[in-house]
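Some notes on the structure that comes next.
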Amino acid sequence: MFHSIFSSMACSMSPVAHPQAIVSGPNYRFTVLTNRLVRYEWAPDGLFEDRASTFAINRYFPVPRFRLLDGDDVQIITEHFHLSYNKKRFTPGGLVVHLNSDHTEWGAPWQYGISENLNLGGTARTLDLCDGRCNMGQGIMSKAGYANLEDSSSMLFDGEFVASRKPGDRVDGYLFCYGHDYKAAIKAFYAVSGKQPILPRFALGNWWSRYYAYRQDEYIALMDKFYDHEIPLSVAVVDMDWHLVSQECVPHSGWTGYSWNKELFPDPEQFRRDLHARNLKITLNDHPHNGIHSHEDAYEEIAEVFGHCTHHKDPILFDPANPYIQVYLQILHRKLERIACDFWWIDWQQGPHSKVCGLDPLWVLNHFQYLDHSRNRNTTPLIFSRYAGPGSHRYPVGFSGDSVVTWNSLAFQPEFTATASNIGYGWWSHDIGGHIFGGRDDELVARWVQLGVFSPIFRLHSELSRWTSKEPWLYRSECMKVMSEFMRLRHRLVPFIYTQNVVGSWEDEPLVQPMYWAYPDSDKAYSFPNQYLFGSKLLVAPIVQPRDKRTNLASVKAWLPSGSRYVDLLTGVIYDGNREINLYRGLQEYPVLASEGTIIPMDASSVPRNGCLNPEALELLVVVGRDAESIVLENVGDDGKDEQELGQMRKATVKFQQAEGKVTVESIQRPVTFRFLSVTSVPASFRVYADGIDRTHDSRARVEKHAHASSLVVECSFMSKTSHSITIELGSSPELSVIDPTHRLHDQIMDYQTDFKVKDLLWQVAAHREMSVNAAISTLTPQGYDEAITGPTAELLLADRRLYS
């Protein structure tokens, strides 16, 4: 007898609302979930839904304060909204909600059934075959101040399994009345739909993926070649050719399979051991739609469980309903996991329909595979699958499908990723470099890699064509160097990204956020949809167009909010805020800016290890100018020791006090390096203390120059497991240095592929600045030179106004 596994796989849900939060009549029901969030339902038979839906798994909250007026109309009044309803079938005139806010369009109320033209968007199920933009649907944020989430047709959780909704003309929706308080709106969304899970640390590193029939020894040799090139990896993706595909015994197209191809993988267990020895996790691709056929190793065992007749070798067809799913998980997947699979890539592309009305196979696969992976408490659960609708954030990470290899495709992905946060979906993984179609463009791939470093998940991918594979050493030397350096940078950033991953789950903030989340009342914030905040601390302005052949520079128009100066992490250039500015970058550079008062923890190693293990030494990037605070969180189980202590979190706290010029690290137990960005001298009052003892003479302070960027670097290699705190004193109110851009301008103009006359004129402006900078720049305009030529010089001369004060 096969026993159900679902009873042990339940996730925490509280779907029944507090009765005092409910206002209901014969055919209608309203639930005041918060003073800014209301659920509205219509049921012709008066039978309302209290089961959890794929979106709403929690509805039991403290009862908010509201007033009820129940006469000819029902009126529900909170501090933030005023709902009016005529007690009839919902119509635009019969169900109206006014907001007590000045963020609505001309004070217009929400009316049931009227489309929201100012909605800021959500996300899409897939980017398959999208060459540029696609419809991103709707999120729970709108410039109108209100946003509606329609939940009438979603699947339900019913006891141990799932169910369809009751038939009939039913309405089930949620109205978010949060004005422009977008962060409060997303907190409410997560409260109803469940928090973002914490990802395992290895998921934040570099993934290798390719649709290609690798041999076992060939795959291991490729991993070793990455190591030889000093390019770290953390996840080894094996696409569908791990199983039988085109052999004579396979009676279908070959996409689905559960039996190892022993010609390619003669010893899968050894394959697992070899990859694990290299600190790499394994994910296998699964297209489950064709079910289990007679050639599969597990066919007889599963047939016996189902009482399926094997005489004619009929297949056991895929069925998302119970009991197929539990057999699929317990026999098929678990056996393969024991052989060589750390988590699954669920590659479902067959749509939302099944023989059970309203039951979406993708939802069932995502939900139960994720819960099944969480059965082992020593494993942080993870799946890799497509988006199935609101609530999908509970099952990270997202696979966005087969990207087209074009600049149009790259240009849309930053906006697509940031906008997905408006529906709580924070862990998109894209095909970095593109997967299909298009053509060879090394610069495009290099820029895509740079974007990937500052994306939620970094996963290289390509099709089987020999011309599209993404090994950096297959590209021109300039691009190879850039791709390799940025992949190292991704692993160096894991201490920062992992901490933001944990904090984001605790505090309900996705890793990537649109600019308008932080600056909701600025029109500029909505005008730069490709620009975003990464980990809430870094401003990223992606470059998504090729370089100008004359200057060898690509550009992006960026908006720098007011209230701070900004430092480019890679160039050290300092910019005043409260402006729009064109940023120009060579291929080896990428605009990632940190405001004054920022601390970024990094791996101190220039070549981090595979697997994203906790670093042996830390480097702390500090941008002076304002008070700052940061933490570094680590799971002790990620130390890479034989005896893992999963679940125990280690925390170090870093604080910078601007007035005192003092940075302090508490609870640090390893060597640490401080890098004060764009501080170009060692202060006379510089001191270093460890646990209150002066260790200035045991530390090393120097000004380090990288390209044209200079930083004050302080190495505290004397730290040991018994040390607990370090304090660096720079002296009162330290400032970012005023950095002369002349050397950078010289090298930039030297590289121009233009007439010498142009170079002379630009150099005259750059090197001889007796006149004001605005007057100098204005001398270039009458010459008829376009902005691509003059802009890079103007950018650097106008970056920091202190140059001319």
Side-chain angles (χ1 to χ4, degrees), residues 1-6 9 54 125-126 128 155-165 239-261 284-337 339 341 344-373 383-386 388-389 395 399 401:
M1 179 84 182
F2 189 83
H3 298 286
S4 173
I5 61 172
F6 293 136
M9 292 170 55
T54 47
R125 191 167 176 123
T126 181
D128 279 334
M155 198 174 67
L156 301 173
F157 297 108
D158 189 9
E160 295 180 0
F161 199 60
V162 295
S164 304
R165 288 182 177 261
D239 213 314
M240 58 179 284
D241 287 283
W242 66 269
H243 61 72
L244 297 173
V245 174
S246 55
Q247 287 74 13
E248 256 185 58
C249 63
V250 180
H252 52 71
S253 62
W255 290 92
T256 302
Y258 301 100
S259 303
W260 282 91
N261 182 343
L284 300 181
N285 176 278
D286 179 15
H287 294 88
H289 64 280
N290 273 329
I292 305 142
H293 286 250
S294 60
H295 70 285
E296 301 286 9
D297 296 340
Y299 177 72
E300 296 289 340
E301 181 180 358
I302 293 174
E304 183 177 354
V305 171
F306 281 130
H308 177 84
C309 177
T310 62
H311 180 70
H312 297 289
K313 297 186 177 181
D314 293 331
I316 303 167
L317 299 178
F318 175 83
D319 184 350
N322 181 22
Y324 181 94
I325 289 296
Q326 62 178 332
V327 176
Y328 162 83
L329 293 173
Q330 192 166 358
I331 296 180
L332 279 181
H333 272 201
R334 290 191 188 179
K335 283 192 171 184
L336 291 163
E337 288 163 14
I339 295 171
C341 183
W344 285 96
W345 174 7
I346 303 167
D347 205 349
W348 179 265
Q349 304 176 61
Q350 282 67 43
H353 305 292
S354 67
K355 66 184 181 183
V356 178
C357 181
L359 193 153
D360 183 343
L362 182 58
W363 264 112
V364 175
L365 290 164
N366 288 355
H367 178 76
F368 288 108
Q369 181 64 66
Y370 186 84
L371 291 182
D372 190 50
H373 197 214
I383 64 170
F384 181 38
S385 186
R386 283 174 169 81
Y395 320 111
F399 167 50

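Model, not experiment: these values are computed from the prediction.
- Taking CD from E300 and NE2 from H308, the interatomic distance works out to 9.5 Å, rounded to the nearest 0.5 Å.
- With contacts defined as side-chain heavy-atom distances shorter than 4.5 Å, the pair T126/Q349 does not qualify.
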For a quick test of your reading: what N or O donor-acceptor pairs under 3.5 Å do the side chains of residues 248-261 make, sequence neighbours left out?
{"from": "H252", "atom 1": "ND1", "to": "G254", "atom 2": "N", "distance (Å)": "3.0"}
{"from": "T256", "atom 1": "OG1", "to": "H287", "atom 2": "O", "distance (Å)": "2.4"}
{"from": "T256", "atom 1": "OG1", "to": "N290", "atom 2": "N", "distance (Å)": "3.1"}
{"from": "Y258", "atom 1": "OH", "to": "D286", "atom 2": "OD1", "distance (Å)": "2.8"}
{"from": "Y258", "atom 1": "OH", "to": "D286", "atom 2": "OD2", "distance (Å)": "3.4"}
{"from": "S259", "atom 1": "OG", "to": "E296", "atom 2": "OE1", "distance (Å)": "2.6"}
{"from": "S259", "atom 1": "OG", "to": "D297", "atom 2": "N", "distance (Å)": "2.8"}
{"from": "N261", "atom 1": "OD1", "to": "E263", "atom 2": "N", "distance (Å)": "3.0"}
{"from": "N261", "atom 1": "OD1", "to": "L264", "atom 2": "N", "distance (Å)": "3.4"}

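- Q247 CD: more than 12 foreign heavy atoms inside a 6.0 Å radius.
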**Message:** Show, in sequence, the C-alpha distance, side-chain angles and deciding distance for W242 and L336, and conclude whether the side-chain contact (heavy atoms from CB on, under 4.5 Å) test is met.
**Reply:** CA-CA 11 Å; W242 66 269; L336 291 163; 3.7 Å; yes
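- Judged as a salt bridge (charged side-chain N to carboxylate O under 4.0 Å, His left out), and not counting sequence neighbours, the contacts of R386 are D128, D347.
- Closest approach of A298 to L332, counting heavy atoms only: CB-CD2, 3.8 Å.
- Here N285 contributes atom CG and H243 contributes atom NE2; the two are 6.5 Å apart, rounded to the nearest 0.5 Å.
- No side-chain heavy atom of L156 sits under 4.5 Å from any side-chain heavy atom of D158.
- Ring geometry, Y395 versus Y370: the interplanar angle exceeds 60°, so the pair is classed perpendicular (tilted spans 30 to 60°).
- Here the OG atom belonging to S246 is positioned 7.5 Å from the CG atom belonging to D241, to the nearest 0.5 angstrom.
- Separating the CG atom in D372 from the CG atom in L365 is a distance of 12.0 Å, to the nearest 0.5 Å.
- Residue W345 is tested with D239, L284, I383 for a side chain to side chain contact (heavy atoms under 4.5 Å, CB included); the sole match is D239.
- Listed by first and then second residue, the salt bridge (charged side-chain N to carboxylate O under 4.0 Å, His left out) pairs involving residues 317-333 are D319-K355 (not counting sequence neighbours).
- With rounding to the nearest 0.5 angstrom, the CD1 atom of I302 is 5.0 Å from the CD1 atom of I331.
- Closest non-hydrogen pair, M155 versus A163, comes out as CG-O, 3.7 Å.
- At distances below 3.5 Å, at least one donor-acceptor pair connects side-chain atoms of S354 with backbone N or O atoms of L359.
- For the salt bridge (charged side-chain N to carboxylate O under 4.0 Å, His left out) test, residues two or more places apart in sequence or in another chain that qualify with K335 are E301.
- Between Y328 and F318, the angle of the ring planes goes over 60°, which puts this pair in the perpendicular group of the 30/60° scheme.
- In this view, W363 satisfies the side chain to side chain donor-acceptor pair (under 3.5 Å) rule with no residue, not counting sequence neighbours.
- Remark: of the listed residues F161, Y324, W344, F161 is the sole one forming a ring-ring contact (aromatic ring centres under 6.0 Å, His included) with F368.
- Between T310 and A303, the closest heavy-atom pair is CG2-CB, 3.4 Å.
- The backbone N or O of P288 sits nowhere less than 3.5 Å from a side-chain atom of W348 that would complete a donor-acceptor pair.
- A donor-acceptor pair is defined here as one N or O able to donate and one able to accept, closer than 3.5 Å; no such pair exists between the side chain of H333 and the backbone of H373.
- The side chain to side chain donor-acceptor pair (under 3.5 Å) check on S385 picks up N366, with sequence neighbours excluded.
- Nearest heavy atom pair, residue P323 against residue F306, reads CG-CE2, 3.6 Å.
- A distance of 9.5 Å separates OG in S294 from CD1 in I316, rounded to the nearest 0.5 Å.
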